[in-house]
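Counting from 1, the numbers follow the sequence of the chain as shown. Keep in mind that what you see is a predicted model, and the values were worked out from it rather than measured.
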Amino acid sequence: MSVPIPAPTLSRDGARVRILDQTALPHHRVTLALDSLDAVAHAIRSMQVRGAPLIGATAACGVALALQTAADDATLEHALTELGATRPTAVNLHWALARMARVLRPLPPTERLAAAEREADAIITEDIATNAAIGQHGLALIAAIAQNRPGPVRVMTHCNAGWLATLGHGTALSPVYAAQAAGIDIEVWVSETRPRNQGLLTAWELRESGVAHRLIADNAAGLLMMRGEVDLVITGADRVAANGDTANKIGTYLKALAAADNGVPFYIAAPVSTIDFACPNGAAIPIEDRDGDEVRVLHGRDAIGATAQLRIAPADTATGNPAFDVTPAARITGIITEHGVMVPHALATLAP
Ligand SMILES: CSC[C@H]1O[C@H](OP(=O)(O)O)[C@H](O)[C@@H]1O
C-alpha cells in the first residue's frame, strides 16, 4: 500500500504554475496560481514554495511559463538568470535550470515552448519516482531496526523534507511513509527548525498522513539522543559535495554532532540531482543568508488566514541568519539515494 499524497505541491497548465503556498501552512491550505516569471521567482525567494527538489521543478515550470509570451534568446536567458538568482544553496534549482538550458538553447524559438513544457513535466515525473526509490532503500534501514527491538522505530528529522518539499513522498520522510505502508510501527521526532519553523510543515504532513509524531524544540534533540530515545536520524539535503559533505537546513550539523556523540546512525536522504559533483567539498557550498526579520519576527496566520506577525526582538537588533549549515561526510552514516544507500566517500560512482 502506498501512502497517498494529500495534495499536489506543484502543477502546470499553459498560462499558470500552481503551488501550495507553504507560508500559509500549517494553518491554511492555499493554492496560488502564478502567472508570470516574476511571480514564480518571488514564490521561490519568499519560500511560498520551498524544498530543494520542489524549487528546481518549480523553476523549470517558470521557464516554460516565461516562454509563453516569447521564446527568443533574450527571453530564455532572462528567465534562466532571474530564476537562478532566487536561492543559492539548493543545487537542484541550478541543476533544473541547467537541464532546461541544455535542452532549449539549441532549439529554434518556435520549438522551445513545447520542449520546455515536456522537460518540466519530465522533471516532475522523475522526482516522484526518485522519491519512491529513496523510500524503499530507507525502508530497509527502518525494517532492520524494527526487527531488532520491540516497540516503535523512532526516527528524528529536521526541517521538512517530505512531500511538501518535493513532487512525491519526499526524501527524508519517504522511508517513513514506506514504513507506514509496510505496517511498521514508527514514530517521528519533528524538530521545529527555527527560524522558519519548517518542522511545523513536517508535523502537518505527518498528521495528514496519520503518522505518529512529536514536535520538539530544536535544542531538545541532543538530550533525546543521549537518553536513547532516537533510533536513527534522517534529514534531507540541499547540496551534497563530491566528497559527501552535505549542506542542509541550519541546525542539521548540530544533530549530526549529537548523533555521533551518542552512537545514533545519521542519514541524509537525497536524490542524485542534489549531488554537486563539481563541488569538491562543503567549504565550496554557497550558504544563503536570509533577512534578519526571520529571526526577529514570528510569522503565522490568524484564524481567517490573514498573515499575522509577532515581533519577538526589537527591529534594530543585529542578527545572523544563515539558512543552511554543512555536515562533514565523516559525521554521515550514509546517503540514501534512489540508487541505494551510499557511503559518503563513494559518491563518485554515481557521477554522470
Ligand atoms: C527535500 S527538501 C531538502 C531541503 O530543503 C529545505 O530547505 P528550505 O526549506 O530552505 O527550502 C531543507 O533544507 C530540506 O532539508
Worked check of salt bridge (Lys or Arg N to Asp or Glu O under 4.0 Å) between D218 and R194: CA-CA 7 Å; D218 295 324; R194 281 276 298 154; over 6 Å; no
Inspect the contact between D21 and R301 and indicate whether a charged nitrogen and a carboxylate oxygen are less than 4.0 angstrom apart.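 Salt bridge between R301 and D21, a charged N being under 4.0 Å from a carboxylate O: yes.
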Could you check whether R296 pairs with D293 (Lys NZ or Arg NE/NH1/NH2 to Asp/Glu carboxylate O, under 4.0 Å)?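 Yes, this pair counts.
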Grouping I, L, V, M, F, W and Y whenever their side-chain heavy atoms are under 4.5 Å apart, do [X] and [Y] come out in a common cluster?
X: V188; Y: L25; result: yes
X: L232; Y: I332; result: no
X: I186; Y: W204; result: yes

Closest non-hydrogen atom pair, [X] against [Y]:
X: V40; Y: L83; result: CG1-CD2, 3.8 Å
X: R99; Y: A122; result: NH2-CB, 3.7 Å
X: M156; Y: I216; result: CE-CD1, 3.9 Å
X: T157; Y: A172; result: OG1-CB, 3.9 Å

Looking at residues at least two apart in the chain, or sitting in another chain, which of them share a side-chain contact (heavy atoms from CB on, under 4.5 Å) with P150?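 P150: no side-chain contact (heavy atoms from CB on, under 4.5 Å) contacts found.
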Is a side-chain donor or acceptor of R112 paired with a backbone partner of A70 at a separation under 3.5 angstrom?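 Looks like no, no N/O pair under 3.5 Å.
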